[in-house]
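Here the structure is laid out as structure tokens; the discussion comes afterwards.
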Amino acid sequence: MIKYNPNKIERRWQKYWEAEKIYVAPDKAKGKEYFYFLVEFPYPSGNLHIGHWYTFAVSDIAARYWRMLGKNVMYPIGFDAFGLPAENTAIKNNLQPEDWTKNNIAHMTKQLKSMGAAFDWSRMVSTIDPDYYKWTQWIFLQFYKKGLAYRAKTLVNWCPKDKTVLANEQVIDGCCDRCGTQVVQKELTQWMYKITDYADRLIDDLEKVDWPEVTKTAQRNWIGRSRGAEIHFLLPNSTETIKVFTTRADTLYGATYLVLSPEHLLVTKLTKDQYLDAVGKYLEEVKKKSELERTSLEKEKSGVFTGAYAVNPVNNERIPIWVADYVISRYGTGAVMAVPAHDERDFEFAKKYELPFKIVVRPKTDWDFNESAFIEDGVLLDSDDFNGYTSSDAREEIVEKLAQKKLAHRKVNYKLHDWVLSRQRYWGTPIPMIHCGKCGYQPVSEKDLPVKLPRLEDYLPSADGRSPLAKAEEWLKVKCPNCGGEAERETDTMDTFVDSSWYFLRYTDPDNKNAFADPEKIKEWLPVDLYIGGAEHNTMHLLYSRFFTKALCDLGFLDFDEAFTVRRNRGDILGPDGYKMSKSRGNVVDPDDLVTKYGADTVRMYLAFMGPYEQGGPWNAGGIIGVSRFLSRVWTVFNQVDKKEKLPVEKNNILHRTIKKVGEDIENLRFNTGVSELMKLLNELENYELPVSVQKTFLQLLAPFAPHIAEEIWQGILGNKKSIHLEKWPEYDPKLIVEET
RNA sequence: GCCCAGGUGGUGGAAUGGUAUACACGAAGGACUUAAAAUCCUUUGCCCGCAAGGGCUUGCGAGUUCGAGUCUCGCCCUGGGCACCA
């Protein structure tokens with residue numbers, strides 16, 4: 001008997017499948033249910049690691065299963081290939097980012113093919129391809145026309161090491177999510193996408209999709225909608241007012257002072273002469289601190305009195321105006337009314353600076369107001385006409401009363417900010433705008449797209465923050481599309497999250513020269529039936545893609561406004577030490593070594609077997625031998641010619657129960673129990689002589705998990721002429737299952 | 001602090017409210033072998049016991065139930081997200 005040697009058979013079948021084009025998903029498949037199965041496309045970092053296998057090879061089990069069920073499955077693959085790592089590595093090794101990236105793509109394509117995954121390579125998409133980013137730019141222009149892309153001065157996150165702007169989503173604990181350098185705030189004029197226009201729909205439409213609860217709550221928190229009111233405090237002897245945002249208008253009678261953020265425009269204007277020194281000194285100190293230091297909760301709040309007073313519109317009480325660093329300038333109006341008795345932060349501040357307290361909401365139980373603020377709802381007291389009102393009624397009525405005098409109105413605030421998409425780096429999609437001295441910014445004409453990224457000898461970011469593209473002199477000079485005069489191209493490139501916000505649309509029609517995709521094809525394939533990816537994209541890629549989908553829908557290019565019907569988060573494979581795999585930690589597991597040792601089928605199947613797919617966990621090489629043994633035993637069963645006992649009839653029940661269970665397991669992405677069912681089945685069957693029908697069924701069940709060995713036995717030993725991967729998923733007889741239980 | 005997810009043998013993990021620990025790894029013993037590897041067989045939750053047998057066990061403590069890993073409440077711990085957002 002020939003020993004099971006995966007390395008001898010796997011490459012051969014991979015070539016065979018490719019040659020036979022069995023995984024190409026046709027655009028026209030009469031009578032078949034279309035199934036778009038999307039997995040987040042990888043960044044071409046250079047080498048496939050075990051995490052990529054987990055992502056693509058394990059998902060592949062489901063892709064193959066649905067195909068066997070008779071669906072027209074699209075399981076596409078591509079590369080999210082623009083971005084900083086290419087640039088940084090290229091700088092270090094004196095290479096061109098383009099060359100480095102394209103080499104990586106070629107290498108990783110080879111590696112991806114070695115997994116034996118059922119990708120439709122004919123739909124491959126790469127974001128650095130001018131035929132692709134032409135449409136990234138085209139979408140930008142459509143958004144620009146509708147005011148969804150605009151240029152404005154804004155306080156941005158700036159990474160001093162990468163010398164570029166970062167979106168809020170890319171700042172983790174005050175540091176750059178790429179290099180970990182502490183981010184600083186800088187005021188710059190940047191291109192932005194108006195995602196805030198969609199804040200409400202981005203929250204409300206979460207109801208429409210079947211997504212993990214974690215993702216939904218993460219997005220709700222990130223968007224941070226809060227309903228409240230804007231209330232105008234009057235300034236004595238002035239027509240000007242200070243507007244504050246509050247969700248607790250019911251505590252208005254308890255406001256004992258007012259706080260402006262240090263950046264508030266009225267600070268210098270209001271401050272009384274004898275307080276100018278103190279306030280000036282305070283502002284200097286605040287400026288010195290980084291955003292991280294300022295917003296740290298451990299830090300004690302600090303502030304200073306301006307000498308000025310504001311008038312509470314509800315009772316004409318004069319309250320002092322302070323400046324304090326605990327008020328955030330970019331949220332709400334940058335000013336708050338302080339109610340120490342009913343707000344924890346105001347409580348802490350008022351205690352420190354000995355500011356007065358006024359209790360206006362009666363707690364249901366005994367409450368020690370010397371200890372802490374009572375922040376829950378209750379019944380009002382010391383609030384004139386509103387005594388006895390519940391908090392929720394009072395919120396409405398107080399705002400209503402002030403609204404009549406135009407001193408208040410209802411207001412909804414969001415934490416979400418517009419998406420700053422400009423990047424001052426080289427390796428990205430050029431922003432298709434032209435700056436003319438006379439006409440200002442003008443869009444590049446659609447017929448001139450794509451604006452190709454020029455090759456640049458010196459693509460290093462400059463210290464002054466000017467984009468590297470400013471050095472491309474020839475490229476830079478262009479005629480103004482409006483007046484025909486001398487003009488310059490925009491030199492910023494786009495955030496790579498722009499590239500990946502629409503790639504799932506391009507998969508449906510990757511070679512289209514006239515549109516980002518043919519509307520007919522989009523209609524056939526979209527929305528995506530199942531989207532699998534990592535939870536790290538909860539508030540980035542997934543939020544941006546939803547925004548793109550909604551905007552493109554509103555512009556009439558799509559007829560749906562949620563692109564991903566079902567989303568499941570895949571768990572992450574960590575290093576054996578339990579930490580995230582990284583080169584610097586030296587805990588990266590190389591799948592190539594494992595494939596050489598055990599074969600692709602074993603690696604795939606072991607990854608599936610390790611644990612629940614949505615959970616992930618540390619890599620543990622210990623158990624892989626078990627899967628390897630299992631496949632060897634499968635091999636032996638089909639190769640052995642010894643005389644054995646006939647299969648007892650009752651084993652049929654087990655077979656049919658397994659068909660049912662494995663199908664359900666794959667359907668629910670419970671690959672680990674699917675594998676164990678196959679192992680149990682083999683344990684039951686291996687000592688008997690199996691009828692051909694049982695042999696076939698067993699191989700069909702195995703095929704999605706271990707496609708190579710299944711094919712080898714199917715064609716090589718059973719003598720079938722067509723691929724096992726064109727077979728139907730076996731059906732079970734429910735009657736047999738009922739009898740058993 | 002708030003919001004999610006989770007806590008089961010030595011390990012990865014399994015279990016529509018109904019025999020907890022399936023499947024696999026590891027370990028121990030045995031067979032084959034000059035020997036080793038590979039393979040096969042047996043044992044393997046913990047404690048007491050030579051054994052027969054008995055007791056305990058799903059982070060901790062209560063509760064609902066004929067019956068709880070599973071449901072409810074309160075705590076502890078781990079991982080993740082948000083975080084002075086008024």
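Just so we're on the same page: letters track the sequence lines, and every chain starts at 1. Note: hydrogens, waters and symmetry copies are ignored here, and every other heavy atom, side chains too, is used. In this text the structure is predicted, and so the values were computed from the model without any measurement.
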Q: Any chance you could list the contact pattern along nucleotides 9-23 of chain B? Use B for base contacts, S for sugar-phosphate-only contacts and - for none, protein heavy atoms under 4.0 Å, 5' to 3'.
A: --SBSS-------BB
(Q) Assess the residue pair Phe347(A) and Phe369(A) against the criterion (ring pair (Phe, Tyr, Trp, His ring centres under 6.0 Å)); give the C-alpha distance rounded to whole Å, side-chain angles, the decisive distance to 0.1 Å, and a yes or no. (A) CA-CA 9 Å; Phe347(A) 178 92; Phe369(A) 280 93; 8.5 Å; no
Q) Are Ser226(A) and A86(B) close enough that a side-chain N or O sits under 4.0 Å from OP1 or OP2? A) yes
(Q) Regarding Glu684(A) and Lys680(A), does a basic nitrogen lie under 4.0 Å from an acidic carboxylate oxygen? (A) no
Q) Looking only at atom C1', what distance separates G59(B) and G9(B), rounded to whole Å? A) 15 Å
Q | G29(B) pairs with, by Watson-Crick or G-U criteria that keep both distances under 3.5 Å | A | C41(B)
Q: Scan Gly332(A) against the nucleic acid and name what it touches under 4.0 Å (heavy atoms): base, sugar-phosphate only, or nothing.
A: nothing
Q) For atom P, what is the distance between C40(B) and A24(B), given to the nearest Å? A) 11 Å
(Q) With rounding to the closest Å, how many angstrom separate the C1' atoms on U44(B) and A22(B)? (A) 15 Å
(Q) Pairing donors with acceptors under 3.5 angstrom, does anything connect the side chains of Thr196(A) and Asp418(A)? (A) yes
(Q) How many whole angstroms separate atom CD of Glu614(A) from atom C1' of G79(B)? (A) 16 Å
**Q.** Donor-acceptor pair between Asp377(A) and Thr390(A) side chains, under 3.5 angstrom
**A.** no
Q | Donor-acceptor side-chain pairing of Ser628(A) and Tyr4(A) below 3.5 angstrom | A | no
(Q) Can you check the distance between U57(B) and C47(B), where both ends of the measurement are the P atom (answer in whole Å)? (A) 15 Å
Q: Please determine, by modelled atom types, if Asn538(A) and Arg567(A) share a side-chain donor-acceptor pair under 3.5 angstrom.
A: no
Q. If each of Ser302(A) and Glu344(A) is mapped to the nucleotide of RNA chain B with the nearest heavy atom, which maps nearer the 5' terminus, i.e. the 5' end?
A. Glu344(A)
Q.
Using a 6.0 Å distance limit plus a 45 degree cone around the ring axis, check whether Arg546(A) lies over the aromatic ring of Trp222(A).
A. no
Q. What about Tyr353(A) and Trp322(A), are their ring centers closer than 6.0 Å?
A. yes
Q) Roughly how far apart, to the nearest Å, are U58(B) and G7(B) at atom C1'? A) 9 Å
Q) Among all residues two or more places apart in sequence or in another chain, which pass the side-chain hydrogen bond (donor to acceptor under 3.5 Å, both in side chains) test with Asp200(A)? A) Arg225(A), Tyr414(A)
Q.
Using the P atom as the point on both nucleotides, what is the distance between U16(B) and A51(B), in whole Å?
A. 36 Å
**Q.** Short side-chain N/O contact from Tyr331(A) to OP1 or OP2 of A86(B), under 4.0 Å
**A.** yes
Q. How far, in whole Å, is C56(B) from U39(B) if one measures between their C1' atoms?
A. 38 Å
Q: Would you give a per-nucleotide map of nucleotides 35-43 of chain B, 5' to 3', where B means the base has a protein non-hydrogen atom under 4.0 Å away, S means only the sugar-phosphate does, and - means neither?
A: ----SS---
Q: For G49(B) versus G17(B), give the span between their C1' atoms, rounded off to a whole number of Å.
A: 35 Å
**Q.** Side chains of Glu667(A) and Tyr65(A), donor plus acceptor under 3.5 Å
**A.** yes
Q: Identify whether the glycosidic angle of G9(B) places it syn (within 90° of 0) or anti.
A: syn
